[in-house]
Amino acid sequence: MNIAIFASGSGSNARKIMEYFQSSGVGRVVLVVCNRKNAGVIGIAAEFGVPVQMIDRNLFYESERLLDVLESYRTDFIALAGFLWLIPGYLIKAYPDRIVNIHPALLPKYGGHGMYGHHVHEAVKAAGEQESGPTIHFVNEHYDEGDIIFQTSCRLSPEDTPEDIARKVLSLEHEHYPRVIEQLLLSQR
Ligand code: GAR
């Protein structure tokens, strides 16, 4: 099955997914969709020979042209990996239960608009949480509200800084996201 990764950040999850699916017979990464022209994921995609489709708000929200692009790569499944724009309804309709996101906290806590990256880990730290971890969930038209597919957690110590928390959570993301995507692909074939 063909996977498109939507990413706009440093791309470390995208790298893990591309690496994993180089040797999985279940799926392959056919496209990266990106909305930030200096995003790290662009260079990573080039390393793996995966084409990148750049998008702007106009193309994404005011047209459905991205659907044609996704179809031209025969995309079956979309994985968001550090992609912060709300997914428009036309994409959700075209890929029902086939768009997933990874969020760096144990949803439903610490989710919603503006809750991304370091903001999440700072909030977790400020609340004195004793654990955190990534959530993988289906994407709907609201930020971080789709059904939860997978969660795992790590212990936090009172000395952990937001950066320490980010590191711990990111390492769990890398460990689990590709495998969970593979399981979903297997269940949808
Ligand atoms: C990841 O920690 C991901 O969970 C988070 O952005 C980071 C991207 O890192 N996503 C969100 O906060 C979504 N609300 P990466 O570019 O290195 O994969």
Side-chain angles (χ1 to χ4, degrees), residues 3-22 29 31-48 50 52-55 57 60 77-88 91-92 95 99-127 129 131-154 156 160-182 184:
I3 305 162
I5 300 175
F6 286 24
S8 304
S10 62
S12 69
N13 276 289
R15 175 187 290 283
K16 291 290 173 190
I17 296 166
M18 287 187 237
E19 271 171 14
Y20 189 91
F21 283 99
Q22 274 187 325
V29 178
L31 180 68
V32 166
V33 172
C34 179
N35 63 17
R36 224 166 41 85
K37 63 177 188 306
N38 52 353
V41 70
I42 297 170
I44 295 171
E47 270 179 51
F48 285 82
V50 173
V52 177
Q53 172 67 48
M54 297 304 296
I55 55 168
R57 284 191 176 273
F60 198 51
F77 190 90
I78 297 172
L80 313 187
F83 185 80
L84 304 183
W85 288 358
L86 198 60
I87 300 300
L91 273 181
I92 290 165
Y95 291 92
I99 310 179
V100 297
N101 180 42
I102 189 155
H103 184 80
L106 296 169
L107 292 174
K109 284 174 152 186
Y110 309 109
H113 190 44
M115 271 296 182
Y116 61 89
H118 67 99
H119 299 290
V120 174
H121 305 299
E122 280 159 12
V124 167
K125 169 76 184 168
E129 295 284 359
E131 57 171 21
S132 191
T135 301
I136 299 168
H137 64 93
F138 287 113
V139 170
N140 66 19
E141 287 177 62
H142 306 279
Y143 278 112
D144 304 326
E145 283 185 15
D147 288 347
I148 291 172
I149 301 159
F150 175 84
Q151 285 184 316
T152 186
S153 61
C154 54
L156 302 180
D160 281 341
T161 63
E163 292 72 30
D164 294 328
I165 300 172
R167 227 176 345 265
K168 287 183 177 180
V169 174
L170 191 62
S171 125
L172 288 173
E173 294 184 38
H174 293 165
E175 185 183 342
H176 294 284
Y177 200 19
R179 186 184 58 74
V180 171
I181 293 171
E182 185 181 52
L184 284 167

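The analysis underlying the following values was restricted to heavy atoms, covering all of them including side chains, and did not include hydrogens, waters or symmetry mates. Counting convention: from 1, in listed order, for ligands and their atoms alike. In this chain, residues are counted from 1 in sequence order.
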For I92 against N140, the heavy-atom pair lying closest together: CD1-C, 3.3 Å
Ring geometry between F6 and F83 (parallel below 30°, tilted from 30 to 60°, perpendicular above 60°): perpendicular
Contact check, side chains of F48 and R15, non-hydrogen atoms, under 4.5 Å: yes
Pairwise side-chain contact, V100 with Y177, heavy-atom cut-off 4.5 Å (strictly under): yes
Residue of the set R167, H119, K125 for which side chain to side chain contact (heavy atoms under 4.5 Å, CB included) holds with P162: K125
Sub-4.0 Å heavy-atom environment of ligand 1, residues by chain: G9, S10, G11, S12, N13, G82, L84, I102, H103, P104, M115, Y116, G117, L170, E173
Check against salt bridge (charged side-chain N to carboxylate O under 4.0 Å, His left out), K16 and E173: CA-CA 9 Å; K16 291 290 173 190; E173 294 184 38; over 6 Å; no
